[in-house]
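All remarks here apply to the structure that follows.
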Amino acid sequence: MLRLPPHDPREIYEELTGIETMAVDLLGHRNPTHEDLAPLYEVLDEMDKQLAKTDLDGFANAAEKFHRTLLTLCGNRRIASIAYSLWDLALPSRRLTLRLLPVPHRPKHASPHGRYSDRRADR
């Protein structure tokens with residue numbers, strides 16, 4: 001496993017945040033249908049199932065799949081490729097910190113994904 005200097009994970013997360021924000025913007029401008037977003041809904045359901053079982057490894061796998069699916073759906077292969085490379089660098093650190101923090105939770109009423117998907121489904 002590649003060891004990263006302590007500041008690298010923070011910088012990688014910042015880069016991923018910027019890239020994923022761009023991916024969400026690109027996806028939104030494509031005016032996706034409910035069917036287009038179905039893969040994201042499926043992964044969100046899987047994340048919820050893993051959290052309900054307190055299966056952190058299963059949750060981490062589903063969360064990674066969520067982010068990779070979002071990047072694929074944005075339609076820009078270069079953005080996705082850059083983000084995939086960053087994800088691969090960040091994954092060991094993400095899995096470690098997941099065990100050091102309280103178990104994540106995603107109540108539907110507070111989920112930014114839920115609010116977005118609810119608005120999209122109303123169209």
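Since we're looking at a predicted model, the values are computed, not measured.
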Any side-chain heavy atom of Val24 sitting closer than 4.5 Å to one from Leu73?
-> no
After noting the C-alpha distance and the side-chain angles of Val43 and Leu70, does the key distance pass the side chain to side chain contact (heavy atoms under 4.5 Å, CB included) rule?
-> CA-CA 10 Å; Val43 177; Leu70 169 66; over 6 Å; no
Residue set satisfying side-chain hydrogen bond (donor to acceptor under 3.5 Å, both in side chains) with Thr72, at least two apart, ordered chain then number -> Tyr84
Asp25 side-chain N/O to Thr21 backbone N/O, donor-acceptor pair under 3.5 Å | no
In Å and rounded to the nearest 0.5 Å, what is the CD to OH distance from Glu35 to Tyr41?
-> 8.5 Å
Output all residues satisfying side chain to side chain contact (heavy atoms under 4.5 Å, CB included) with Ser85, sequence neighbours left out; order by chain, then residue number.
-> none
What's the spacing between Arg30 CZ and Leu37 CG if we round to 0.5 Å?
-> 9.0 Å
To the nearest 0.5 Å, how far apart are CG in Leu16 and CD1 in Ile82?
-> 11.0 Å
How many angstroms lie between NE2 in His67 and CG in Leu40, if you round to the nearest 0.5 Å?
-> 10.5 Å
Do Asp45 and Lys65 meet the salt-bridge criterion of a basic N to acidic O distance under 4.0 Å?
-> no
Qualifying residues under side chain to side chain contact (heavy atoms under 4.5 Å, CB included), relative to Leu26, sequence neighbours excluded = Met22, Cys74, Asn76, Ile79
Can you see which heavy atom on Ala83 is nearest to which on Leu71, and at what distance?
-> CB-CD1, 3.3 Å
Side chain to side chain contact (heavy atoms under 4.5 Å, CB included) partners of Glu46, counting only residues at least two apart = Lys49, Gln50, Ala62
Residues forming a side-chain hydrogen bond (donor to acceptor under 3.5 Å, both in side chains) with Asp36, sequence neighbours excluded | Thr33
Side chain to side chain contact (heavy atoms under 4.5 Å, CB included) with Glu15: which residues, sequence neighbours excluded?
-> Ile12, Leu86
